[in-house]
Protein chains: 2
Amino acid sequence: MSDIGQGSIWTRPEKAERSGPGRRPGYSRAQITEAAIRIADAEGIDAATMRRIAQELGTGAMSLYRYVPKRDDLVDLMVDAVLGEVELPERPSGDWRADLSLVAHQTRAAGLRHPWQVTLARRPTLGPHSLRIYDFALRALDGFGLHIDEMTSLCGMVGDYVASAVRDEIGWLDQARRTGMDRRRWMGEYVGPYVRQVVESGRYPMFNRTIREGRLAHLPPDARFQYGLDRVLNGIAAALPDGASIEDR
Amino acid sequence: MSDIGQGSIWTRPEKAERSGPGRRPGYSRAQITEAAIRIADAEGIDAATMRRIAQELGTGAMSLYRYVPKRDDLVDLMVDAVLGEVELPERPSGDWRADLSLVAHQTRAAGLRHPWQVTLARRPTLGPHSLRIYDFALRALDGFGLHIDEMTSLCGMVGDYVASAVRDEIGWLDQARRTGMDRRRWMGEYVGPYVRQVVESGRYPMFNRTIREGRLAHLPPDARFQYGLDRVLNGIAAALPDGASIEDR
DNA sequence: AGCCATTCGAGTACGATGTACGCAAGACGG
DNA sequence: CCGTCTTGCGTACATCGTACTCGAATGGCT
């Protein structure tokens, strides 16, 4: 039996409780993942090194490899664990707009609690919690006579929006921490001067209008998120048969 | 004059041609960026190390730091250089749907030529080419009486879709290369068994329908991209005043 | 009770990375 | 030609992921 390419982390579940000889495991994937997330939340994903995680658990770095094949796999576990915080009812309510809103807000909240999460654009993730959320969203659009392909496309729009909105919201925050500045200082000496320079160049008329006329950037984050989400949901509403919903403006 | 936090790479333009004492630079940002992209295209972004890039140029690693403050900044330059391949006319045609389609297809094409590009979900990028494309897209939606905030939201949907679609399309390809398998083998022993396992678990009914009834996954990539893009554009059409366009199905 | 197959814990070690530092080589103005 | 400033780049260091290795722990067998 070869050891290369044993499959993704999801096809290699944690060894089950066994009854045989050998020392008992002292840790678990969940425990390791939890420690890694704690570190990443506090100091950024780059700080969550194997050594640092092991230290957090009071063990040696190499011990972790008894539970996780590679660090990349651990990151997959971390991402899915974050999505595990998304709380959804057993089944959609029947009000598709409310249901997709719930998914969006919950996912956003989880993302904001773990800012490192959205900075990872890796392979499409297929962890159990990711699937759970995806399935809920799809069920919210079920029953309108749409083809499954159309439903996946529409749900994708919501997911894409949330990821992108949270990324913008986190914004430079993660990047600022990496260089050790706080948000205000970062905006002041990093982003600010550049934006001013871009505006004054006059090369990007619409960008300038965004800066001058746009109110979105000055709204509180919640309202800003809601605004964009409503645009997306309105777009979805247009794909549903008439009468399936009332458009929101 | 402190050296910390001199601002982003965009506020630190390449030193201009000067007339004074001192040796003349032997390289340029463009040259370095180009070499880095060449390597990343062929062997993945992780292979584009400072040493490797320098080697490609026949110089030493530390020489690069005369042109680029940090590797992260070089990556920013690489991303924007890729977006420089997006070819757009001077001004939008007046047919918003065709214009946004053009942006989407051009951006996708650039992304596919440089698969590493979409795997980077960093800070919101504000490089010159990024701004150029964004501005073009916004202008395509100008003149319909929409508020600038609505226009940015709608354009964001297109951008988000393209990024996400290309990421899916690249899919595991980049990940597969990292482990040294080809695409077929990767699907066969990595993704395949897991998907089968998920389907058989029966826990995700809609995911199962996607696998069983969905035709999207079996379409040629171009058609698949177009399908999703049409969903997004239909959503945008719904936000425009009546008569601005004919819905496409 | 004692042995043994097996599994876990973790120290040591290796190759690779980003980059700080320092100095020699080159290029212009005087 | 010399002083001054810039570039080229070798050396060095901290840190990373992780392969290898072996002692410690454990439960089933005789």
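The figures here come from the full heavy-atom set of this structure, side chains too, leaving out hydrogens, waters and symmetry mates. Proteins come first, then strands; the chains are lettered A, B, ... in the order of their sequence lines, and each starts at number 1.
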J.: List in chain and number order the residues that pass ring-ring contact (aromatic ring centres under 6.0 Å, His included) with B/Y161, two or more places apart in sequence or in another chain; answer none if no residue qualifies.
T.: B/F225
J.: List the atom of B/V198, the atom of B/S201, and the distance in Å for their closest heavy-atom pair.
T.: O-OG, 2.8 Å
J.: From NZ of B/K15 over to P of D/dC5, roughly how many Å is that when rounded to an integer?
T.: 15 Å
J.: Name all residues meeting the salt bridge (Lys or Arg N to Asp or Glu O under 4.0 Å) criterion together with A/R52; count only those two or more places apart in sequence or in a different chain, and write none if there are none.
T.: A/E43, A/E56
J.: Restricting to side chain to side chain donor-acceptor pair (under 3.5 Å), what partner residues turn up for A/R108, sequence neighbours left out?
T.: A/E169, A/D222
J.: Taking only residues two or more places apart in sequence or in another chain, which ones pass salt bridge (Lys or Arg N to Asp or Glu O under 4.0 Å) with B/R51?
T.: none
J.: On DNA chain C, compare the nucleotides closest to B/R52 and A/P25; which residue's is nearer the 5' end?
T.: A/P25
J.: Would you say A/Y27 places a side-chain N or O within less than 4.0 Å of OP1 or OP2 belonging to C/dG9?
T.: no
J.: Could you tell me whether the phosphate oxygens of D/dG8, OP1 or OP2, come under 4.0 Å of any side-chain nitrogen or oxygen in B/S63?
T.: no
J.: Output the rounded distance in Å from CG (A/L57) to C1' (C/dC8).
T.: 15 Å
J.: Where do N or O atoms of nucleotides 27-30 of chain D meet protein N or O atoms at under 3.5 Å, pair by pair?
T.:
| residue | atom | partner | partner atom | Å |
| --- | --- | --- | --- | --- |
| D/dG27 | O4' | A/G20 | O | 3.4 |

J.: Rounded to whole angstroms, how far apart are CZ on B/R18 and P on C/dG29?
T.: 11 Å
J.: Should B/L64 and B/Y27 count as side-chain neighbours, where that means a heavy-atom distance under 4.5 Å?
T.: no
J.: Grab the CD-P distance between A/E43 and D/dT15 for me, whole Å please.
T.: 14 Å
J.: Is there a donor-acceptor contact under 3.5 Å from the side chain of A/R132 to the main chain of A/L83?
T.: yes
J.: Rounded to whole angstroms, how far apart are CZ on B/R23 and P on C/dG29?
T.: 18 Å
J.: Rounded to whole Å, how long is the line connecting atom CD of B/E14 with atom C1' of D/dT7?
T.: 13 Å
J.: Identify each atom pair where a protein N or O and an N or O of nucleotides 17-19 of chain D are less than 3.5 Å apart, giving names and distance.
T.:
| residue | atom | partner | partner atom | Å |
| --- | --- | --- | --- | --- |
| D/dG17 | OP1 | A/R71 | NE | 3.2 |
| D/dG17 | OP2 | A/M50 | N | 3.1 |
| D/dG17 | N7 | A/R51 | NH2 | 2.5 |
| D/dG17 | O6 | A/R51 | NH2 | 2.8 |
| D/dT18 | OP1 | A/K70 | NZ | 3.1 |
| D/dT18 | OP2 | A/Y65 | OH | 3.0 |
| D/dT18 | OP2 | A/R71 | N | 2.9 |
| D/dT18 | O4 | A/R51 | NH2 | 3.4 |

J.: Round to a whole Å and report the spacing from CD of B/E56 to P of D/dC9.
T.: 15 Å
J.: Under 3.5 Å, side chain of B/Q117 to main-chain N/O of B/G111, donor-acceptor pair present?
T.: no
J.: Rounded to whole Å, how long is the line connecting atom CZ of A/R66 with atom C1' of D/dT21?
T.: 10 Å
J.: Please give me the minimum heavy-atom distance between A/L77 and A/V68, naming the atom from each residue.
T.: CD1-CG2, 4.1 Å
